[in-house]
Amino acid sequence: MSFPRVLLTVGFISLFHSAFSAAQHRSYLRITSQEFTTLPLDIVIQAVGSLFAVMWGVMCIAGNLREIQAAAELNNSTWETQMNLPSFYIFNHRQKALSSEYVQSSGKGDLENPE
């Protein structure tokens, strides 16, 4: 096993131990009817140190980071397909009034049924 894996394992065990110590301290305060104000300094230091050890171990094990290409799907498409928004299509507009075959309807309900 490599050093980062050992550090990660020890960090997780230490983090679990600090969480267990915090719970045990809280139950001790309940049994003795004392008010909970803060955790003891040794538990806080152990928790923070364990957290940093786990983070460093994970970063070393994960390896090199790669760039996320947000536009990877859009690289192969053309401009016409990128701007294709069917929800903005309008078929009932004033252009049909310029047609020589256009017949004006009598009411608003007949817009799609030219006579």
(message) Donor-acceptor check, side chain of Ser21 to backbone of His17, threshold 3.5 angstrom: yes or no?
(response) yes
(request) Scan for side chain to side chain donor-acceptor pair (under 3.5 Å) pairs involving residues 53-62, sequence neighbours excluded, and state none if there are none. (result) none
(message) So, applying side chain to side chain contact (heavy atoms under 4.5 Å, CB included) with Leu41, which one of Ile45, Leu39, Thr38 is it?
(response) Ile45
(message) Check this for me: Phe36, atom CZ, are more than 12 non-hydrogen atoms of other residues, nucleotides or ligands nearer than 6.0 Å?
(response) yes
(message) Taking CE in Met55 as the centre, count heavy atoms belonging to other residues, nucleotides or ligands within less than 6.0 Å. Is the count above 12?
(response) yes
(message) With clusters defined by side-chain heavy atoms of hydrophobic residues (ILVMFWY) lying less than 4.5 Å apart, directly or transitively, does Val44 cluster with Tyr28?
(response) yes
(message) Please say yes or no: joined through hydrophobic side-chain contacts below 4.5 Å, possibly via intermediate residues, are Phe12 and Phe52 part of one cluster?
(response) no
(message) As an exercise, state the distance from CG of Leu7 to OG of Ser50, rounded to the nearest 0.5 Å.
(response) 9.5 Å
(request) Any chance you could measure Ile43, atom CD1, to Gln24, atom CD, to the nearest 0.5 Å? (result) 8.5 Å
(request) Work out which heavy atom in Leu8 is nearest to a heavy atom in Val58; give both atom names and the distance. (result) CD1-CG2, 3.5 Å
(request) Work out which heavy atom in Ala53 is nearest to a heavy atom in Gly11; give both atom names and the distance. (result) CB-CA, 4.4 Å
(message) Show, in sequence, the C-alpha distance, side-chain angles and deciding distance for Glu35 and Leu29, and conclude whether the side-chain contact (heavy atoms from CB on, under 4.5 Å) test is met.
(response) CA-CA 7 Å; Glu35 185 177 334; Leu29 290 178; over 6 Å; no
